[in-house]
Amino acid sequence: MAKIQMKTPLVEMDGDEMTRVIWKQIKDIVILPFVDLKSEYYDLGLPNRDATNDQVTIDSANRTKELGVAVKCATITPNAQRMTEYNLHEMWKSPNGTIRAMLDGTVFRSPILVKGINPFVSCWKKPITIARHAYGDVYRNSEIRVEGASKAELVVTYPDGKEVRKEIFEFKDAGIIQGIHNTDKSIAAFARSCFMYALDVKQSLWFATKDTISKTYDHRFKDIFAEIYENEFKARFEAAGIEYFYTLIDDAVARIMRSEGGIVWACKNYDGDVMSDMLASACGSLAMMTSVLVSPEGVYEYEAAHGTVTRHYYKYLNGEATSTNPMATLFAWSGALRKRAQLDDLPDLEAFADKLEEASVKTIEEGTITGDLKNLIDIPEKNVVNTEDFLKAIAEKL
Ligand code: NAP
Ligand code: MG
């Protein structure tokens with residue numbers, strides 16, 4: 001069989017621990033036998049990040065900006081314990097954080113739905129994608145514990161000396177205050193990434209804030225979204241038959257619970273943090289959540305939502321067969337290949353990405369599964385296999 005050809009290479013970012021093992025298995029078992037893979041390889045595994053003073057992460061992000069599509073394996077974000085384990089020079093920053101900052105992108109997460117794993121919300125028939133604004137608000141706050149009677153004020157000082165002051169509260173006794181911020185630039189980048197992604201997947205976009213209460217702060221989010229929609233996306237949304245819908249956050253939550261899914265839900269930073277954990281657990285497993293970072297210029301980086309699955313890796317190192325679920329990482333590959341195919345106009349490659357996803361979903365639905373799905377899936381016969389045999393079953397179907 002002739003292998004499917006590619007034009008532009010993918011930026012391939014390898015990673016750590018169990019997912020690094022799975023990365024190679026996915027390539028060897030379900031991709032390389034079918035596709036004449038073109039990729040530019042960057043080793044983001046912790047030893048190489050340490051050896052290159054993290055330059056490899058920066059290089060891979062820069063190359064992603066040039067080529068347009070990357071696929072990334074999960075990576076360790078070092079903490080004190082990793083410093084000794086890997087004998088590191090420095091406690092390197094999270095690669096995801098570095099890449100996200102360089103691409104100024106937004107992360108979109110959605111569950112992989114299969115028959116037999118029913119979302120706890122019974123009306124959800126199609127995946128719901130959550131886009132979390134990854135900058136500012138409470139995550140970049142400044143807080144003060146107020147010790148007693150005092151007056152708290154907001155003060156903004158401009159370079160020309162102009163000052164704006166506003167009272168927050170007259171404390172009669174002890175309490176707390178918090179200052180938060182966001183920028184027009186970051187909100188606009190977030191909005192553009194969301195409109196772009198919704199057009200891409202041809203699903204309507206919902207956005208919600210609490211602008212009735214937060215008449216300046218949250219209202220600014222609403223206005224920026226509305227302005228960008230009117231000026232840049234409205235015509236394209238109408239042509240694609242999708243809509244942009246704004247509502248209050250509490251109304252959005254109520255409506256999501258009654259919807260059938262198939263929506264992209266843009267969330268402010270805190271809402272996205274909370275709602276993505278809700279969505280992931282309502283849909284079953286972190287191992288079935290995909291994740292893609294989209295920049296406002298339309299650069300894409302695909303990955304799994306889970307980490308490097310450390311606990312399984314130590315078992316693997318002990319020679320035990322592990323049954324780690326490769327679905328989210330596999331969907332990162334199929335997502336990246338599909339996007340590459342669309343950009344380079346390669347219908348065979350696009351069809352391959354579709355078939356790879358269909359074959360893997362079917363493998364699960366017909367009962368061949370990894371250990372994490374055993375108590376989650378409701379099907380008559382379950383055949384729990386290790387990761388390699390699971391991938392081989394997919395390849396067979398493919
Ligand atoms: P994790 O790797 O997501 O794993 C947490 C637990 O979730 C696992 O122990 C496992 O449960 C289950 N799990 C996750 N993915 C699974 C899969 N594919 N198949 C089967 N079970 C799966 O999170 P973590 O243990 O908190 O973090 C480990 C490392 O990953 C850390 O160094 C962290 O910095 C890094 N991390 C990286 C990223 C990223 O690169 N995007 C994201 C998050 C964390 P059981 O053990 O019960 O089977
Ligand atoms: Mg969270």
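Each residue takes its place number in the sequence, starting with 1. Order of listing sets the numbers, starting from 1, for every ligand and every atom in it. These values consider heavy atoms only, across backbone and side chains, with no hydrogens, waters or symmetry-generated copies.
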At what distance is the nearest protein heavy atom to [atom], and which residue and atom is it?
| atom | value |
| --- | --- |
| atom 44 (C) of ligand 1 | G307 CA, 3.4 Å |
| atom 37 (C) of ligand 1 | T75 O, 3.0 Å |
| atom 14 (C) of ligand 1 | H306 CB, 3.9 Å |
| atom 8 (C) of ligand 1 | V309 CG1, 3.9 Å |
| atom 18 (N) of ligand 1 | N325 O, 2.8 Å |

- Query: Of T57, D43, D16, T75, which meets side-chain hydrogen bond (donor to acceptor under 3.5 Å, both in side chains) against R49?
  - Reply: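 Filter result, single survivor: D16.
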
Of all the atoms in ligand 1, which lie at a distance below 4.0 Å from a heavy atom belonging to [X]?
| X | result |
| --- | --- |
| A287 | 16 (C), 17 (C), 18 (N), 19 (N) |
| K72 | 40 (O) |
| T310 | 28 (C), 29 (C) |
| A74 | 40 (O) |
| E303 | 41 (N) |
| N96 | 39 (C), 40 (O), 41 (N) |

- Query: Per the ring-ring contact (aromatic ring centres under 6.0 Å, His included) rule, which among F190, Y139, F108, W265 passes with H133?
  - Reply: F190

- Quickly, which of F237, F233, F195 forms a ring-ring contact (aromatic ring centres under 6.0 Å, His included) with Y244? Name it, please. F195

Do [X] and [Y] sit within salt-bridge range, that is, some charged N less than 4.0 Å from a carboxylate O?
| X | Y | answer |
| --- | --- | --- |
| E388 | K392 | yes |
| E12 | K27 | yes |
| K24 | D28 | yes |

Contact check: [X] vs ligand 1, nitrogen or oxygen atoms, below 3.5 angstrom:
| X | answer |
| --- | --- |
| L286 | no |
| R82 | yes |
| E17 | no |
| T77 | yes |

- Test log, rule salt bridge (Lys or Arg N to Asp or Glu O under 4.0 Å), inputs E85 and R82: CA-CA 5 Å; E85 183 184 354; R82 300 292 197 175; 3.1 Å; yes

Is at least one protein non-hydrogen atom found at under 4.0 angstrom from [atom]?
| atom | answer |
| --- | --- |
| atom 29 (C) of ligand 1 | yes |
| atom 12 (C) of ligand 1 | no |
| atom 3 (O) of ligand 1 | yes |
| atom 6 (C) of ligand 1 | no |

- Residue selection (non-hydrogen contact nearest atom 10 (C) of ligand 1) among M13, R311, H312: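 The nearest heavy atom belongs to H312.
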
- Query: Parallel under 30°, tilted from 30 to 60°, perpendicular over 60°: which one fits the rings of F169 and F171?
  - Reply: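 Correct class here is perpendicular.
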
- Give me the ring orientation class for F225 and F207: parallel if the planes are under 30° apart, tilted from 30 to 60°, perpendicular past 60°. parallel

- Message: Between Y135 and D104, is there a side-chain donor-acceptor contact under 3.5 Å, judged purely by atom types and distance?
- Response: no

- Message: For the residue pair E303 / S291, report whether a side-chain donor-acceptor contact shorter than 3.5 Å exists.
- Response: no

- Item | K339 versus V69, closest heavy-atom pair with distance | CG-CG2, 3.6 Å

